[in-house]
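Structure first, then comments.
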Protein chains: 2
Amino acid sequence: MSDHVAKATLYDALTQAAKALSNGRRAELVDVLAQGERPVEELADEIGQTIANTSQHLQRLLRSGLVKTRRDGTRIYYSLSSPVVHALWRTMRQTAEEHVAGLQQLANDYLGDRSKLRTITRDALQARLSDGDVVVLDVRPEPEYTAGHIRGAITIPISDLKSRLGEIPAGAEVVAYCRGPYCVYADDAVRLMTRNGLDAARLEDGFPEWVAARLPIEGRTP
Amino acid sequence: MSDHVAKATLYDALTQAAKALSNGRRAELVDVLAQGERPVEELADEIGQTIANTSQHLQRLLRSGLVKTRRDGTRIYYSLSSPVVHALWRTMRQTAEEHVAGLQQLANDYLGDRSKLRTITRDALQARLSDGDVVVLDVRPEPEYTAGHIRGAITIPISDLKSRLGEIPAGAEVVAYCRGPYCVYADDAVRLMTRNGLDAARLEDGFPEWVAARLPIEGRTP
DNA sequence: AACCAATTCAATGGTTTTCTTGAATAGGAC
DNA sequence: GTCCTATTCAAGAAAACCATTGAATTGGTT
């Protein structure tokens with residue numbers, strides 16, 4: 001093999017990870033998988049695609065090594081191969097935020113106006129956790145809470161929140177969190193709780209970042 | 001716009017940076033541009049493509065915001081928009097190294113056997129720089145040396161090295177460096193010098209990593 | 001103005017991606 | 001074994017991507 005061809009082949013291989021993440025649907029999948037393992041059908045539902053199509057995207061991720069699978073009876077659970085994959089996704093996001101034209105507008109279109117939402121940083125939340133005067137509320141779908149959550153958090157998925165507001169301990173401030181900076185669940189939760197007279201704020205970014213910062217968690221996530 | 005469409009559009013936009021880097025030729029371009037700005041014709045030569053094709057790849061990078069241009073007379077110089085772009089390229093590379101099957105084999109095919117090359121870490125080199133008993137040799141093409149190089153390094157492009165071996169100060173150990181871990185120039189230089197009785201080693205990775213580590217440089221790079 | 005050099009543009013054809021649809025497979029329950 | 005469920009496979013069409021070719025632009029030089 002000529003040097004020229006060998007070089008081209010090597011650089012083609014070096015871009016495989018980028019190719020795997022260069023599709024919006026696969027990016028959504030990685031965003032969900034960063035919360036923990038999930039079976040194909042649930043993933044298809046999360047990204048709003050057919051099962052066949054989702055399966056093909058997942059196999060693309062599998063071929064490039066970014067995810068792995070585990071069979072349990074008739075179900076096949078997908079999960080990220082390692083924290084490096086989530087780090088790549090975060091770096092990619094950051095690069096897009098800084099350099100891709102029009103991204104801010106698209107983010108606003110999807111996320112809505114966040115200027116009126118009170119947010120709290122990871123460090124601030126951790127500091128207040130030890131004081132115990134704050135309720136941490138996980139509003140992600142139940143399987144993601146089960147797979148792992150912030151230590152001491154309670155779970156009320158956003159879809160149930162309206163009818164289960166009464167379960168939230170009264171008196172303390174509520175901090176809601178979800179999947180990350182581009183997830184709207186916590187936004188919706190804070191708006192709903194505020195309208196109902198609760199003192200609510202949103203944790204900046206989400207659970208995977210909490211894990212990456214090595215802050216205390218509990219649940220199945222190792 | 002429905003929420004569903006807005007979300008898909010946002011995630012599509014978030015993958016733009018990955019899409020831009022998801023092609024081997026564009027990855028090679030970023031690797032070269034990480035050394036400093038270069039005009040189109042030289043870039044085409046570096047990646048072994050036609051000028052028209054190189055121009056189109058560069059404009060793809062430009063549209064996604066990863067590079068910027070500067071006109072000087074009849075030439076147009078391309079450069080990376082910010083250090084974030086190089087960080088993305090490094091993270092991408094690292095992810096591929098850890099997860100893409102067969103990458104090690106392809107790297108060996110192109111880089112050859114490195115086991116007999118002595119290498120020195122960045123920190124070790126910096127420590128010895130103050131002692132002054134080491135010659136740092138930049139074997140990249142001249143324009144890249146001019147754009148910026150390790151403080152105190154001398155330049156002999158790999159293409160000229162054989163006929164200019166006499167210029168290397170005798171007596172001291174020589175440390176050669178080039179573009180990064182996937183660049184063969186320093187490898188070739190160390191082999192050539194060793195065959196000629198010089199005491200030579202290769203700096204692990206290359207100039208962009210030296211810059212990223214905020215070690216001393218000189219030349220035009222800010 | 002005429003010419004030249006560097007770069008971009010536009011059109012073409014071949015390849016790869018992506019989604020859809022419907023059939024095939026593999027493990028579990030009866 | 002037969003049925004059921006979760007997932008994968010296979011085939012096809014529309015769109016995007018990529019290298020090639022030759023023409024068009026833009027700024028500089030004579």
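Naming: A, B, ... by sequence-line order, numbering from 1 per chain.
Using a 4.0 Å cutoff to heavy atoms of chain A, the contacted part of DNA chain C runs 5' to 3' from C/dT17 to C/dG28.
Taking 4.5 Å as the limit, every side-chain heavy atom of A/M92 sits out of range of all side-chain heavy atoms of B/L14.
At a threshold of 4.0 Å, the pair A/R93-A/D31 counts as salt-bridged, since one of the basic side-chain nitrogens sits closer than that to a carboxylate oxygen.
Within the structure, salt bridge (charged side-chain N to carboxylate O under 4.0 Å, His left out) pairs that include any residue of residues 57-85 of chain A comprise A/E37-A/R70 (at least two apart or interchain).
Taking CD from B/E167 and CD1 from B/I156, the interatomic distance works out to 4.5 Å, rounded to the nearest 0.5 Å. Rounding to the nearest 0.5 angstrom, the gap separating the CG atom in A/L10 from the CG atom in A/D3 is 11.0 Å.
Note: B/Y11 and A/Y182 have perpendicular aromatic rings, judged against thresholds of 30 and 60 degrees for the angle between ring planes.
Among the atoms of the strands shown, only primed sugar atoms or phosphate atoms (P, OP1, OP2) are found under 4.0 Å from some heavy atom of A/Y78.
Scanning residues 11-30 of chain B for heavy-atom distances under 4.0 Å to DNA chain C yields an empty list. Applying a 4.0 Å cut-off to non-hydrogen atoms, the residues of residues 52-62 of chain A that approach DNA chain C are A/A52, A/N53, A/Q56, A/H57, A/R60, listed by residue number.
Listed by chain and residue number, B/V32, B/R38, B/P141, B/E144, B/R179, B/Y185 satisfy the side chain to side chain contact (heavy atoms under 4.5 Å, CB included) test with B/E46 (two or more places apart in sequence, or in another chain).
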Letter per nucleotide, 5' to 3', of nucleotides 24-30 of chain D [B base touched, S only sugar-phosphate touched, - untouched; heavy atoms, 4.0 Å]
---SS--
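The nearest whole Å value for the distance from the CD atom in A/E41 to the P atom in D/dA6 is 5 Å.
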